[in-house]
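What follows is one structure encoded as structure tokens, with my remarks underneath.
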Amino acid sequence: MNMMSSPATLSHLRAHLSSRGPVLRAPTARLFDIPATGRGAVFPADAVHEVYAASTRHGSAAEGFGLGLALQAAGTLVWIHEDRGRHEHGALYGSGLREWGVETGDLLLVGVPDTAALLAAGEEALRSGAPAAVLMSSWGESRAFTLTASRRLALAAAAGRTTAVFVRTGAQPQPSASDTRWSVRAAPSRALEAGAPGRPAFRVSLLRSRAGVTPGEWIMEWDREARSFVEPKTSGGLVSSPAYRPAGIRAA
């Protein structure tokens, strides 16, 4: 696990990615699915996926869901954090990442001062084709995140055949070129056998999908062994809403 954070971050990132070189990937379209949607909804991998925290108190949940999306693309992960977000959430913990299922040897952490730098570093990493996924974490509203900026990210993701996940806390959705848009809040975790801590749980709303997946809301748990989001068992009061229901409708 490497960490970059300095005024020369972009040039350091460029040099680091150049040393790895682009990853050779099959020419066919890359996709990933989310079994917890009930019908295994399929999404394009070489695209931008936006994740919004339902409120600032759910910022960590949005980060966790975004990390899970990024891990659908197995391989090197570049995770770019704005300084303000790291100050609000705290620094990442290596043992915790390993418990989540992250191979820390394949993780490159990048610290940037603001959203403009975040977008520049994200575009650089995506276009290089070296990582399997690029996770960008921002905090607060920013004029830097425009429709043009999101289009640049989408083009870079397609060119590098890399998954892009953009997590935003303390911001409202706005027009963008992202393929999907999600809203995330934390959900109660169900204890495992013998009172062991349960899996991380999320209440997730799909707000938009260019792939034609119907918007809906689901309860999901993160299964670190499968590196996937799964439906919780119905015991304990957690009920998953099917994908064909509109966002906002709750199961009885």
Side-chain angles (χ1 to χ4, degrees), residues 28-55 58-75 77 100-102 132-137 150 154 157-158 162-169 173 176-190 192 198-252:
T28 55
R30 296 173 62 239
L31 304 169
F32 69 87
D33 66 347
I34 301 180
T37 58
R39 296 187 303 182
V42 178
F43 304 94
D46 305 339
V48 180
H49 303 276
E50 279 182 294
V51 177
Y52 283 84
S55 68
H58 295 288
S60 295
E63 295 270 6
F65 181 74
L67 176 58
L69 289 183
L71 289 178
Q72 304 308 300
L77 169 63
W100 193 269
V102 178
V134 177
L135 177 57
M136 295 160 279
S137 299
S150 71
T162 303
T163 301
V165 181
F166 194 7
V167 179
R168 305 195 70 195
T169 301
S176 74
S178 64
D179 194 271
T180 65
R181 180 179 295 146
W182 307 80
S183 177
V184 180
R185 63 179 65 240
S189 178
R190 179 178 54 85
L192 301 178
R199 294 168 172 166
F202 310 86
R203 183 180 292 276
V204 178
S205 297
L206 175 62
L207 305 179
R208 186 188 74 178
S209 169
R210 292 182 183 270
V213 179
T214 305
E217 183 175 273
W218 304 271
I219 298 292
M220 303 182 183
E221 292 181 346
W222 175 250
D223 183 343
R224 68 169 185 172
E225 301 298 333
R227 289 168 64 98
S228 180
F229 292 103
V230 298
E231 293 184 72
K233 294 180 180 178
T234 55
S235 61
L238 295 179
V239 181
S240 181
S241 301
Y244 56 80
R245 293 192 178 185
I249 292 181
R250 305 290 195 272

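- Residue Y52 holds its OH atom at 14.5 Å from OG of S205, rounded to the nearest 0.5 Å.
- The two residues A70 and L77 come nearest to each other via the heavy atoms CB-CD1, 3.9 Å.
- The minimum heavy-atom distance linking G64 with W100 is given by the pair O-CZ2, 3.3 Å.
- Qualifying side chain to side chain donor-acceptor pair (under 3.5 Å) partners for S176, counting only residues two or more places apart in sequence or in other chains: E50, S178, R181.
- One distance of note links CZ of F229 with CH2 of W222; it measures 5.5 Å at 0.5 Å rounding.
- Proximity of a side-chain donor or acceptor of S189 to a complementary backbone N or O of R199 within less than 3.5 Å is detected.
- With rounding to the nearest 0.5 Å, the separation of CH2 in W182 from CZ in F43 is 4.0 Å.
- When the side chain to side chain donor-acceptor pair (under 3.5 Å) test is applied to E63, the partners found at least two apart in sequence or on another chain are S137.
- Partners of T169 according to the side chain to side chain donor-acceptor pair (under 3.5 Å) rule, which considers only residues two or more places apart in sequence or in another chain, do not exist here.
- Applying the side chain to side chain donor-acceptor pair (under 3.5 Å) criterion to R224, with sequence neighbours excluded, gives E99.
- Residues satisfying the side-chain contact (heavy atoms from CB on, under 4.5 Å) test with A47, not counting sequence neighbours, are P44, H49, D179.
- Residues meeting the salt bridge (Lys or Arg N to Asp or Glu O under 4.0 Å) test with D33, sequence neighbours left out: none.
- Between atom OG1 of residue T180 and atom CD1 of residue I34 there is a gap of 7.5 Å, rounded to the nearest 0.5 Å.
- What you find for L67 and V102 is that their closest heavy atoms are CD2-CG2, 4.1 Å.
- Summarising the geometry, atom CG belonging to L207 is positioned 9.5 Å from atom CD belonging to E217; distances are rounded to the nearest 0.5 Å.
- W218 contributes no side-chain N or O that, together with a main-chain N or O of V204, makes up a donor-acceptor pair within less than 3.5 Å.
- Nearest approach of R210 to A177, heavy atoms of both residues: NH2-CA, 3.7 Å.
- Across every non-hydrogen atom of Q72 and R227, the tightest pair is NE2-O, 3.2 Å.
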